[in-house]
Every structure is written in structure tokens, then in C-alpha cells.
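Here's the structure we're looking at; comments come further down.
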Amino acid sequence: MNRPEVQPYQKPFCIKELPLGSTFTGGHLVEKNAGWRTFRPIVDQDKCTGCLRCYLVCPDGVIFRSGDEMVIDYDFCKGCGVCAYECKARAIEMIKEEL
Amino acid sequence: MPGQKTFVSGDEAVAMGARLARPHVISAYPITPQTVVVERLSDYVEDGSLNAEFMHVESEHSAMSAAMGVSSVGARAFTATSSQGLLHMCEGLHYASGARFPIVMMNANRATAAPWNIYGDQRDSLSMLDCGWIQVYVEDAQEALDMIIQAYRIAEDPEVLTPFMVNLDGFVLTHTYELVEVPPQETVDAFLPPYQTVNKMDLANPQSLCITVGPNLNLEIKYQQHMAMVNAEKAIDAVDREFGDVFGRYYGGMVQGYRCEDAEVILAATGTTAGTARVVVDAMREQGHAVGLLKLRYLRPFPIRQVCDIAGRVKAVGVLDRDISFGLEGTIYTNVNSALSRLAQKPLTLNFVGGLGGRDISRENIESIFTTLLAAAGGVSQPEVQFFGMECATDE
């Protein structure tokens, strides 16, 4: 469940440095995309049973396990709340983002 | 090496060409407006003469999506469609070309709805010129078979990696029978080696496919795609020459000029109409008229240089369009004019629109077009866009 790291954008010097078409190694040419999220899911690790239901239902694939904890990648989470709604242990709470 | 001669329809010639190219998967929607091509290919899979998987899918959109899946693991994909089926694929066509999947597809050029029918008309593929696919238009069944084999060589060239559409005029080519030479499998195998690419899913080298690219580099990736198509001309010419050396049939690459050297007027035509026009050129030459034919084989990449070289020397150029871009003119006319506008001295150009919905394009039609062109070259003013072969007057 390891996710590829987003590689920082570096302006290419020449077009030949770009990969072919739209096939890239993971994390390459990816832009962070979550700035318009209104509610942020917060995992209560004490309540979490590690059932991985949130990992399965997340439409953006941004929830993953790291060690014993479920972690959310807030660079890409859109705040849809599906994880919080589906969590049987009620371990995920949606908290309004502060501007 | 000579092959075996056989009497087949244009559709069957395509199926034979596809079998010789050894695709791993054929994905196709089997119902109207589909042609016999995929029916024959399913026979070949059934009788064991083609070792491929035949996927019956629920629509042309799915056929193209499946073909992309095939190509994305580095396998060879083939599909065929026509008319509304091609239009239904449109979304996938852009995806496949942007992802640089060298899928080969046969398209039977047929009318688009409404009113719909299943007869010859090029409005389907000409409305898809901007999808990023190479487009070739063939004249007879032999060229159809040969171009399926050439298509894979060109599309899979690492410098090209662009999907390839082989267009056959509906009915007059797809459903009529001709004597066709089928090259031996060993010769085709030597000419067309298995597809090798890094542009694929690979457990040893995991990559993301068909990803999103934001404003920071989207333009550059599209530039890359455009240049691959522009440079495909080199592969097209090289493969045409090599194919001719091996199989004995040269098609001229991007275009084929016929008696254009000393011509006063020429007609630019595609597909089967080029065959009819060639006969008319011979007949009119015997009567002393300096006429010629410019057979446009490829429309993407567009043969800008060749059109300028050949059509730039004459007084008047007619463009025969089996299509109409409503509210403008025939689409091939737009493209030819765009090429000719690069010349310091552009010849007079006229557009002849006809043959829609399967209306026959006769020798008499083409003679009449040449007569109009000769009159225009002699200074007689002519309407720029003319519909020919109409059954009735267009005004009271």
C-alpha cells in the first residue's frame, strides 16, 4: 500500500526529457490537487480497527496504511466524506477546513 | 515472393491482412454498421488459423476501450468499425492517440445519420481527422490488405507510436469482389516483427498510464504528439518502399500523382474515386486534354509538401469531397487549400461535393468535373463549391 512520492516539478530544459505520451513513473508530472476541499477527514486512531474499509471505498485512493495507522494524503483528498460515512467504527470525522 | 491469388471482397481482404499481422486480440462490436471484416476474423479464431482472442463487446466505445487495454500491455490490437460506430468511438480515439497506443483499425466509410444508410460516404472518418489517428484511404482490395500490414509497421515505429485508421469506401470497396494476392505468412512475419515497446504496463517497471497532466506540461505533451504525426511521413515513405521491395507493390507513400507532370488541371480524389478518375484521365488525355489525378492517400499526416509540389504547378485544382462540412465546404477541400496557401502563387481551386449516402460517382460525373476545371483554367468564372450528380435542380 505504499504510494509513490510526488516528484517536485522541474521545468524540463528540452522536450526530449519528457516521458512518452501519457505513460510516466508514478508521481511524475503529478500536481497536488486538494485546495478546494471544504471538510477534512480526521482518523481517530484509537477507534480505528484497521479494517481497511476506507482504503477500499476512497474514490481517489488517498487512504493507506502506514505501520499500524490509517493515513490520509491531504494533498489529494477532495473531502468527499465517503470514508467517514462508510466507517463502521465511526473513527473518521469530517472537520471543516479553516481558511 | 509471390503470394496466392484469391477472389475476395474488400472486407475479406482486410480480414486476411489482419490475420497475417498476427494481432493478439480483436475487439469488436458485431452489429450494424459493422462489416464482414470481424465476422471473418472470428471464423479464423474459431478454425485455429489465427491465434488470437476475439472479444465480443457491447459497443464500439467498448471496442476501442478494449483495444487500448490490449495495447497498454504491449500486445497487438485490431478492431474494425464504420459510420455511427466510428462516431461512437470518438472519445476513445483521442485517448488512444494521446496514450500513443499503436492500434490498427479498419473503417468502412459509410453515411452518417440522419438520414442514415449503409452506403459509401466519407463524412464518418473526415469528421475524425482531429483525433490524432493516422488516416489512409485505399483504392482497391489489394491495397486494403497491404495497408493493414503496413499500418502496424508504421504505427508501431518507436518514432511514430500513433494509432492507424485504414479507410475503405463503403459498399463499392467493402462489398465488391476482386482478385487479391495474399502474401505468404513467413514473408509478412519477416516484414512485420512482433511489437516491442516501453509504453506498457510492466510489473518489472511499474508506470502510470493515461494519466492527467496539468497546465504545466500538457502543451508540451501535445506538441510531442503532433511532431510524432508530422514525422510519421518518414516512416510512411520508408515502409512503402520496403513493402514494394519485398512484396512488389509500391503505392507512392503519402500521395500518388497520375499524369500530373504536364497537366493543366488536376483533380484531387481519395479512395475508390481515384480509380474511376484514372480511367477518365486516360480517356480525356486521348482527346487532347491536359488533365491529371492527384490521389490523396494519407489525410493525416496531411501531405502538404506533395500537394504543393504537384498541385502548385497547374492552373486549376479540383477537390472531390465525398463529404460536406455543413456551413463551410468539403473537408478535404479545406485541407488542400490550407496546404496550397503556403505557395507564393496559389492555383485556382474548386470544390466538387458529391457521392453522399452511396450516390454513385460515375465516369460522366468526373468528366464533367474536368470540363468545369478546364473552363475555369481558361478564365470562365465558376462557383467555388459545387454539388455534383444531383437528381434535381436546386432552385425553382
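Naming: A, B, ... by sequence-line order, numbering from 1 per chain. Basis for what follows: all heavy atoms, side chains included, without hydrogens, waters or symmetry-related copies.
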> When rounded to the nearest 0.5 angstrom, what distance separates OG1 in B:Thr197 from CG in A:Leu20?
Replying inline: 7.0 Å
> Can you tell me if OH on A:Tyr9 sees more than 12 non-hydrogen neighbours from other groups inside 6.0 Å?
Replying inline: yes
> Which atoms of B:Tyr223 come close to chain A, meaning under 4.5 Å heavy atom to heavy atom: side chain ones, backbone ones, both, or neither?
Replying inline: side chain
> Taking every heavy-atom pair that is under 4.5 Å apart, which of B:Val213, B:Leu209, B:Asn216, B:Ile221 has the most such pairs with chain A?
Replying inline: B:Asn216
>> What part of B:Pro215 gets within 4.5 angstrom of chain A, counting heavy atoms only: side chain, backbone, both, or neither?
In response: both
> Taking atom CE of B:Met55 as the centre, does the number of heavy atoms from other residues, nucleotides or ligands within less than 6.0 Å exceed 12?
Replying inline: no
>> Surrounding CG of B:Asn51 (heavy atoms of other residues, nucleotides or ligands, distance under 6.0 Å), is the total greater than 12?
In response: no
> Around B:Tyr95, counting heavy atoms of other residues, nucleotides and ligands shown, do more than 12 lie under 6.0 Å from its OH?
Replying inline: no
> What do you reckon, is CG of A:Asp68 surrounded by more than 12 foreign heavy atoms closer than 6.0 Å?
Replying inline: no
> Should we say atom CD of B:Glu159 is surrounded by more than 12 heavy atoms from elsewhere, each under 6.0 Å from it?
Replying inline: no
>> Nearest 0.5 angstrom please: B:Leu219 CG to A:Ile15 CD1, how far?
In response: 8.0 Å
> Using a cut-off of under 4.5 Å for heavy-atom pairs, which of A:Pro19, A:Gly26, A:Gly21 has the most such pairs with chain B?
Replying inline: A:Gly21
> Hey, is CD on A:Gln10 packed in by over 12 heavy atoms from elsewhere, all under 6.0 Å?
Replying inline: no
> Heavy-atom distance under 4.5 Å to chain A: side chain of B:Glu220, backbone, both or neither?
Replying inline: both
> Can you name the nearest heavy-atom pair linking B:Ala99 to A:Ser22, along with the distance?
Replying inline: CA-OG, 3.5 Å
> Do A:Leu18 and B:Gln224 have side chains that get closer than 4.5 Å, going by heavy atoms?
Replying inline: yes
> Under 4.5 Å between any side-chain heavy atoms of B:Leu217 and A:Pro12, yes or no?
Replying inline: yes
